[in-house]
Student: 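This structure is in structure tokens; I'll ask about it shortly.
As the structure lists them, so they are numbered: ligands from 1, and atoms in each ligand from 1.
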Amino acid sequence: MCGIVGYTGLGLLEGGADGTPAATRHPLEVTLEGLRRLEYRGYDSAGVALAGPGQDHIAFAKKSGKLSNLVGELEEHPLPAATAAIGHTRWATHGGPTDTNAHPHLAADGKLAVIHNGIIENFAQLKAELVDAGVTFRSETDTEVAAQLLAQQYAQTKNLTEAMAVTARRLEGTFTLLAVHADDPLTVVGARHDSPLVVGLGEGENFLGSDVAAFIAFTKEALELGQDQIVTITPTSVAVSDFQGNPADAKRFTVDWDAAAAEKSGFDSFMDKEIHDQPHAVADTLLGRTDLDGRLTLDEIHIDEAVLRAVDKIIVIACGTAAYAGHVAKYAIEHWCRIPVEVELSHEFRYRDPIVNEKTLVVAVSQSGETMDTLMAVRHAREQGAKVLSIVNTRGSTIPRESDAVLYTHAGPEIAVASTKAFLSQITAAYLLGLYLAQLRGNKFPDEIAALLNELRDLPAKVQTVIERGEYVRATARSMKDATSVLFLGRHVGYPVALEGALKLKELAYIHAEGFAAGELKHGPIALIDEGQPVFVVVPSPQARHGLHSKVVSNIQEIRARGARTLVIAEDGDDEVRKYADEIFWIPKAPSLLQPLLAVVPLQIFAMALATAKGLDVDQPRNLAKSVTVE
Ligand code: M6R
């Protein structure tokens with residue numbers, strides 16, 4: 001949650017006194033640009049703090065509400081020029097989203113400022129200690145405790161890095177902290193424990209950010225920090241140490257997408273753009289995964305082949321949309337590999353004493369790579385002896401670093417809070433994993449795998465077709481903007497698609513939406529059906545096995561007979577279903593297991609268009625944040 005930016009540059013010093021190339025950027029502008037790109041992580045309030053030569057106090061501004069409120073405040077009351085800056089966009093935990101609770105938090109002498117992402121669990125105890133020592137608190141936040149503690153330590157050491165290390169050792173919970181001090185206006189110090197922080201490397205300038213989006217407009221060179229590390233940046237240096245003050249290593253990497261990928265590119269919203277990115281997201285995730293003989297080569301999977309051959313159970317752990325992607329993958333992996341697959345919400349997995357051992361492969365799915373619930377589940381699984389393979393979109397994030405292997409999706413940055421292209425690319429990556437296991441374990445012949453890969457490669461063009469048919473979905477959504485409840489039904493792989501359709505509508509349009517397994521209807525949910533109740537139904541292909549198609553058609557008839565308005569997603573040429581649909585959204589023909597990649601697209605467009613028709617912000621729905629870094 002919360003987005004964090006730090007910057008230090010020689011711009012103000014006109015050329016760099018020591019001959020190093022000078023950055024010409026203004027720290028405040030860099031910080032605001034970073035916050036603009038990180039606002040998806042939280043948008044309850046925003047703030048900045050600046051340090052500059054000759055200034056004996058930190059200059060700061062903070063405002064509740066979206067970043068635009070802070071920008072307005074800065075236009076009315078400009079801050080002085082600076083050499084170092086930190087900035088924060090908040091998703092409130094302790095203390096409501098007010099100006100006072102917004103970050104930065106300053107020490108009593110006004111010389112030190114701190115921003116924070118995470119939750120300090122022992123804040124009450126530390127606060128009591130500080131109050132006893134005469135410290136006065138202004139906010140209700142846990143962060144201010146860290147600020148006051150850091151100020152106390154700084155008073156003793158006069159060294160911000162050392163003070164940060166002592167402070168970090170005293171804190172429990174999760175945190176990324178950044179601090180600036182008026183006495184050292186070229187330095188920003190950060191600390192991380194179970195919360196993300198990456199370093200951007202520049203010339204005559206350096207950056208810190210919750211993720212690379214914070215500095216992608218300025219540099220693609222980055223450092224991935226490890227757990228429990230302190231980083232001190234100046235315009236010309238980056239020093240990393242552990243919480244004991246010992247020098248530590250950080251891994252360098254180059255960001256493989258550019259700033260334009262994180263722009264709206266003419267679309268009304270990031271979500272709309274990301275829906276349109278989906279054909280590329282699938283194609284790019286498939287790219288470069290085979291050798292010259294057409295055999296799958298997932299080079300990133302550094303888990304011994306013998307270990308993978310011996311796997312007797314797979315557990316997929318994930319949350320939200322990523323969990324639904326895992327749910328879809330379960331059908332394919334079980335079918336192709338004949339290995340039992342369980343799908344479990346990460347936050348439930350950890351607390352139910354799961355049966356996990358060295359023959360269990362745990363697959364952690366996460367767009368951000370930072371979801372705390374999933375990270376904790378990864379740690380728990382590894383402690384129990386399981387191998388963990390993560391399917392992640394964001395490089396430099398924590399979950400891949402703590403996994404035995406990672407399969408990256410190549411969806412590019414996903415900025416809208418509602419996940420779209422990540423879902424399609426996660427299914428694609430999980431399917432690649434399933435086929436790879438089938439190849440390794442000999443469950444499928446090479447030509448069967450090649451045929452399935454070719455079917456996957458046909459998908460991007462079909463997804464494009466569904467997107468191009470989107471206007472009818474949008475018009476239907478606009479006509480339903482006053483709906484108060486929408487239900488979603490599906491069977492087999494259509495069931496997680498129904499769940500995902502309902503989640504999209506809930507989070508974007510704030511209306512009651514529920515997804516059901518169509519077969520479950522008669523066991524209770526059918527009582528919800530009343531005259532005019534809109535129900536989306538994901539219809540399997542008429543070619544699907546086990547007569548699935550006719551069973552779902554019967555379900556449509558059952559709800560229609562009770563007054564439901566049926567909104568049907570069906571395969572081109574499915575004449576049978578046409579008779580029972582009030583509205584029909586056609587998708588191209590595809591093998592049953594691949595249909596989710598097509599069937600979900602009208603549901604994404606529907607939720608986005610309905611929310612837009614209601615005048616809601618589709619990129620930043622209320623109460624949510626993109627990256628859920630608290631448990
Ligand atoms: O970054 P992750 O994929 O781990 O995030 C998991 C969920 O928080 C995420 O999918 C969430 O459900 C989305 N907002 C749904 O659109």
Student: Between Y495 and H327, what is the ring plane arrangement, given parallel below 30°, perpendicular above 60°, and tilted in between?
Tutor: perpendicular
Student: May I ask you to check if ligand 1 and G369 share an N or O to N or O distance below 3.5 Å?
Tutor: no
Student: Please could you name the atoms of ligand 1 that S368 approaches to less than 4.0 Å, counting only its heavy atoms?
Tutor: 1 (O), 2 (P), 4 (O)
Student: Backbone N or O of S195 within a donor-acceptor pair of the T176 side chain at under 3.5 Å?
Tutor: yes
Student: Which atoms of ligand 1 sit under 4.0 Å from any heavy atom of A418?
Tutor: 16 (O)
Student: Going by the atom numbers of ligand 1, which of them fall below 4.0 Å from some non-hydrogen atom of S419?
Tutor: 15 (C), 16 (O)
Student: Which of the numbered atoms in ligand 1 are under 4.0 angstrom from any heavy atom belonging to S366?
Tutor: 1 (O), 2 (P), 3 (O), 4 (O)
Student: Answer yes or no for T374: is there a heavy-atom contact with ligand 1 below 4.0 Å?
Tutor: no
Student: Would you say S346's side chain and A318's backbone share a donor-acceptor pair under 3.5 angstrom?
Tutor: yes
Student: Below 4.0 angstrom from a heavy atom of Q367, which ligand 1 atoms are there? Numbered from 1 as shown, please.
Tutor: 1 (O), 2 (P), 3 (O), 4 (O)
Student: Just jot down the ligand 1 atoms closer than 4.0 angstrom to any heavy atom of G320, in number order.
Tutor: 12 (O)
Student: Got a sec: does the CG of N357 have more than 12 other heavy atoms crowding it under 6.0 Å?
Tutor: yes
Student: What protein heavy atom lies closest to atom 2 (P) of ligand 1? Include the residue and the distance to one decimal.
Tutor: T371 OG1, 3.2 Å
Student: Between Y472 and F585, is the gap from one ring center to the other below 6.0 Å?
Tutor: yes
Student: If the cut-off is 4.0 Å to any non-hydrogen atom of A322, which atoms of ligand 1 fall inside it?
Tutor: 3 (O), 10 (O)
Student: Sub-3.5 Å donor-acceptor pair from the side chain of T285 to the main-chain atoms of T428, do we have one?
Tutor: no
Student: Starting from atom 13 (C) of ligand 1, find the nearest protein heavy-atom neighbour and note its residue, name and distance.
Tutor: V417 O, 3.8 Å
Student: Please check if any side-chain donor atom of Q604 sits under 3.5 Å from a side-chain acceptor atom of Q278, or the reverse.
Tutor: yes
Student: Rounded to the nearest 0.5 Å, what separation is found between the CD atom of Q227 and the CG atom of L197?
Tutor: 11.5 Å
Student: Could you tell me whether K614 atom NZ has more than 12 heavy atoms of other residues or ligands within 6.0 Å of it?
Tutor: yes
Student: Which heavy atom of the protein is the closest neighbour of atom 7 (C) of ligand 1, given with residue, atom name and distance?
Tutor: C319 O, 3.6 Å
Student: Do me a favour and list the nearest non-hydrogen protein atom to atom 8 (O) of ligand 1 with residue, atom name and distance?
Tutor: V628 CG2, 4.0 Å
Student: Looking at atom 16 (O) of ligand 1, what's its closest protein heavy atom, distance included?
Tutor: E507 OE2, 2.3 Å
Student: What are the atoms of ligand 1, with element, lying closer than 4.0 Å to any heavy atom of T321?
Tutor: 10 (O), 12 (O), 15 (C), 16 (O)
Student: Looking at L67, is its backbone amide N or carbonyl O close enough to the side chain of E39 to form a donor-acceptor pair, meaning the two atoms are under 3.5 Å apart?
Tutor: yes
Student: With heavy atoms under 4.0 Å as the rule, classify the contact between K504 and ligand 1 as side chain, backbone, both or neither.
Tutor: side chain
